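This report refers to the structure that appears directly beneath it.
In what follows, every heavy atom counts, from backbone to side chain, and hydrogens, waters and symmetry copies are set aside. Computed from a prediction, not measured in an experiment: that's the story for all the values here.
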Amino acid sequence: MQQHQLEKIKNGKGFIAALDQSGGSTPKALAAYGVPETAFSNEDEMFDLVHQMRTRIITSPAFNPEHILGAILFEQTMDSKIDGKYTGDYLAEEKGIVPFLKVDLGLAEESNGVQLMKPITDLDDKLSRANERHIFGTKMRSVIKEPNAEGIKAVVDQQFEVGKQIIAAGLVPIIEPEVDINSTEKEKCEEMLKEEILRHLNELSEDQPVMLKLTIPTVANTYKELIDHPRVVRVVALSGGYSTDVANQKLKENDGLIASFSRALSQDLNVNQTDEEFNAELEKAVKSIYEASI
């Protein structure tokens, strides 16, 4: 890992932009951007369109290192280029923003109130290519829907098991056990999740840094102990389906928690906007998320 990038992520002011919509969520992201499913006829065309959207975001003057610490990329985005440079290099060299890669292959079917990650069968190849593309860290997502002790333990065990493989490859993992914002017992899930994460953190050695990406908790500062843990580089929050305004307000209530928003970042962007309109809307979103993160 790059030491100066580690220092930026650990101590910098700002947030992590999530630009990692994958196969299942890409059509929704494009539709929200004003691109209907009739605009593409296969997956390659779909990913070309979403790369155009992400390129427009990344190259905008509003997407700047004064407000944005890092950006999470989907695999095809990592392997694509912006102005002749691979996206990770463009982010690092032209923007001063730290690149991350989404490595999971989606969610398994629900069991014991949770959805584990599907086995990441190509993890070694992804990590090798991530190093070639100068990626700093990774992200992988599971989902918790019920306060089921066996299920939550399985989620956290799996996340840290894969996380250690990622650390061994020289990258910093973002461990993301999302608690569904619609869970009827969200607060209880979060308390159980915190205890499981702490158990694993306490077993890590000094050379095993991790990041955490968590749903904004029902009770403010539930995760303060995780934020302050010596093995944790940074704890970032997912918007989880909340609107920008709601997510920002909830985020402000939590000391030391910063944003890693996707939909809340891009919800007011549209393919038909002029560059001036697009940049103005993106700047508004970036500044509001930044202010909630500091």
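Hydrophobic clustering (ILVMFWY, side-chain heavy atoms < 4.5 Å, transitive): Val143 and Val156 are in distinct clusters. Put simply, Ile9 and Leu6 are part of the same group of oily side chains (I, L, V, M, F, W, Y) that touch within less than 4.5 Å, one to the next.
Cation-pi geometry between Lys81 and Tyr86 is met: under 6.0 angstrom from the ring centre, within 45 degrees of the axis.
In the displayed structure, Glu150 atom CD is contacted under 6.0 Å by at most 12 heavy atoms of other residues, nucleotides or ligands. In this structure, Glu45 places its CD atom where more than 12 heavy-atom neighbours from other residues, nucleotides or ligands lie under 6.0 Å away.
The shortest side-chain heavy-atom distance between Val155 and Ile144 falls under the 4.5 Å cut-off. No side-chain heavy atom of Val103 sits under 4.5 Å from any side-chain heavy atom of Lys139.
Using a cut-off of 4.0 Å between Lys/Arg side-chain N and Asp/Glu carboxylate O, Lys188 and Glu191 are scored as not salt-bridged.
Closest approach of Gly70 and Phe100 over heavy atoms only: CA-CE1, 4.3 Å.
Screening Ile152, Asn202, Ile175, Leu214 against Ile197 for a side chain to side chain contact (heavy atoms under 4.5 Å, CB included) leaves a single residue, Leu214. For the side chain to side chain contact (heavy atoms under 4.5 Å, CB included) with Arg56, the lone residue among Leu282, Leu269, Asn279, Asp275 that qualifies is Asp275.
The backbone N or O of Ser205 sits less than 3.5 Å from a side-chain atom of Gln208, completing a donor-acceptor pair. Thr215 contributes no side-chain N or O that, together with a main-chain N or O of Pro217, makes up a donor-acceptor pair within less than 3.5 Å.
In this structure, the salt bridge (charged side-chain N to carboxylate O under 4.0 Å, His left out) partners of Asp104, at least two apart in sequence or on a different chain, are Lys102.
The CD1 atom of Ile72 lies 9.0 Å from the OG atom of Ser262; values are rounded to the nearest 0.5 Å.
Residue pairs meeting the salt bridge (Lys or Arg N to Asp or Glu O under 4.0 Å) criterion with at least one member in residues 205-224, sequence neighbours excluded, are Lys224-Asp228. Sorted by first and then second residue, the pairs that involve residues 198-257 and meet ring pair (Phe, Tyr, Trp, His ring centres under 6.0 Å), not counting sequence neighbours, are Phe160-His200.
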